[in-house]
Amino acid sequence: MTGNKTKPTDANVSAFLDAIEDDRRREDCQALMTMMGRMTGKPAVMWGGSIVGFDTYHYKYESGREGDWAVTGFSPRKGDISVYLTAASADQADLLARLGRHKMGKACLYIRRLSDIDPAVLEQLIAASVAEVKRRYG
């Protein structure tokens, strides 16, 4: 089986974020980078050309598919900022109800801007996600 196509690179994270044209989006992404770095204790690393990731873990599914991925991270997409989370926390539904304006996919939280949400709740979601990844994968 093949692994994940998106892998860590040596690209400069600060240069990537500095290239974001929208001032508010750039500031939000820089704040996310600071928050996630503080929460994981790990430096930001570019994954592929557009994902800022923190820490890594190795996964292996029953299907045989395996690879490495960031424990948490984000990507400043065109419409929303994608925040990568493991959606498994017992209190996640309550936290999402208190977060503010967002959309949630299977493992991706979409926010337009940080001012639309409660940053303390976002921190709780990220902390629960990081803990769940560590519990599952060591």
Side-chain angles (χ1 to χ4, degrees):
M1 288 274 160
T2 61
N4 195 335
K5 293 179 184 177
T6 304
K7 299 190 181 304
T9 72
D10 291 330
N12 186 295
V13 175
S14 294
F16 171 71
L17 296 180
D18 288 345
I20 298 171
E21 292 182 13
D22 181 270
D23 291 340
R24 181 179 285 166
R25 175 71 49 98
R26 184 174 52 255
E27 290 168 8
D28 285 352
C29 289
Q30 288 168 336
L32 280 171
M33 181 178 73
T34 299
M35 177 192 297
M36 290 180 171
R38 176 176 42 78
M39 295 179 75
T40 62
K42 301 291 183 176
V45 173
M46 289 301 302
W47 284 70
S50 63
I51 297 173
V52 178
F54 298 82
D55 207 354
T56 61
Y57 69 96
H58 186 79
Y59 63 87
K60 185 172 184 177
Y61 299 137
E62 288 182 20
S63 66
R65 181 180 169 88
E66 65 181 294
D68 297 303
W69 191 244
V71 171
T72 193
F74 67 91
S75 181
R77 304 291 183 189
K78 186 174 183 173
D80 292 322
I81 299 170
S82 299
V83 178
Y84 301 104
L85 300 171
T86 297
S89 166
D91 60 348
Q92 186 178 45
D94 176 57
L95 290 171
L96 288 171
R98 296 185 359 234
L99 180 62
R101 185 176 173 198
H102 73 281
K103 292 179 271 185
M104 185 72 199
K106 185 174 180 180
C108 195
L109 173 71
Y110 302 97
I111 56 176
R112 177 77 55 192
R113 55 183 52 97
L114 288 181
S115 62
D116 290 341
I117 63 164
D118 182 335
V121 174
L122 178 61
E123 284 196 31
Q124 290 177 308
L125 285 163
I126 294 169
S129 176
V130 169
E132 180 62 17
V133 170
K134 299 287 186 182
R135 185 191 71 77
R136 286 185 192 178
Y137 301 100

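Atom set for the values below is all heavy atoms of this structure, side chains included, hydrogens, waters and symmetry mates excluded.
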Within this structure, what is the [atom1]-[atom2] distance for the pair [X] and [Y], rounded to the nearest 0.5 Å?
X      : Y      : atom1 : atom2 : answer
Asp118 : Gln124 : CG    : CD    : 8.0 Å
Glu66  : His58  : CD    : NE2   : 4.0 Å
Leu114 : Arg25  : CG    : CZ    : 10.0 Å
Leu99  : Ile117 : CG    : CD1   : 5.0 Å
Thr40  : Asp55  : OG1   : CG    : 6.0 Å
Leu95  : Ile126 : CG    : CD1   : 11.5 Å

Are [X] and [Y] side-chain neighbours, meaning at least one heavy-atom pair lies under 4.5 Å?
X      : Y      : answer
Leu122 : Leu109 : yes
Asp116 : Ile111 : no
Ile81  : Cys29  : yes
Asn12  : Met46  : no
Met104 : Val83  : no
Phe74  : Ile51  : no
Glu21  : Arg26  : no
Tyr84  : Ser75  : yes

Which atoms form the tightest heavy-atom contact between [X] and [Y], and what is the distance?
X      : Y      : value
Leu85  : Leu125 : CD2-O, 4.1 Å
Cys108 : Ser82  : SG-CB, 3.5 Å
Pro8   : Val45  : CB-CG1, 3.9 Å

- Full working for side chain to side chain contact (heavy atoms under 4.5 Å, CB included) between Met39 and Met36: CA-CA 5 Å; Met39 295 179 75; Met36 290 180 171; 5.6 Å; no

- For the pair Phe54 and Met33, evaluate side chain to side chain contact (heavy atoms under 4.5 Å, CB included) and give the outcome as yes or no after the intermediate values. CA-CA 9 Å; Phe54 298 82; Met33 181 178 73; 3.9 Å; yes

- Query: Is any NZ, NE, NH1 or NH2 atom of the basic residue among Asp80 and Lys103 found under 4.0 Å from an Asp or Glu carboxylate oxygen of the other?
  - Reply: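 Salt bridge flag = yes for Lys103 with Asp80.
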
- Query: Less than 4.0 Å between a side-chain N and a carboxylate O, is that true for Arg24 and Asp28?
  - Reply: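 Not counted as a salt bridge, because no side-chain N and carboxylate O are separated by less than 4.0 Å.
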
- Message: side chain to side chain contact (heavy atoms under 4.5 Å, CB included) for Trp47 and Val52? Distances and angles first, verdict last.
- Response: CA-CA 6 Å; Trp47 284 70; Val52 178; over 6 Å; no

- Which pairs pass salt bridge (Lys or Arg N to Asp or Glu O under 4.0 Å) with one or both residues in residues 38-52, sequence neighbours excluded?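 Qualifying pairs, neighbours excluded: Arg38-Glu123.
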
- Message: Applying ring pair (Phe, Tyr, Trp, His ring centres under 6.0 Å), can you list everything that pairs with Tyr110, at least two apart in sequence or on another chain?
- Response: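 Result, ring pair (Phe, Tyr, Trp, His ring centres under 6.0 Å) vs Tyr110: none returned.
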
- Check: Arg136/Thr86 side-chain N/O donor and acceptor closer than 3.5 Å: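 Short answer, no.
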
- side chain to side chain contact (heavy atoms under 4.5 Å, CB included) between Tyr59 and Arg65, intermediate numbers included: CA-CA 8 Å; Tyr59 63 87; Arg65 181 180 169 88; 3.9 Å; yes

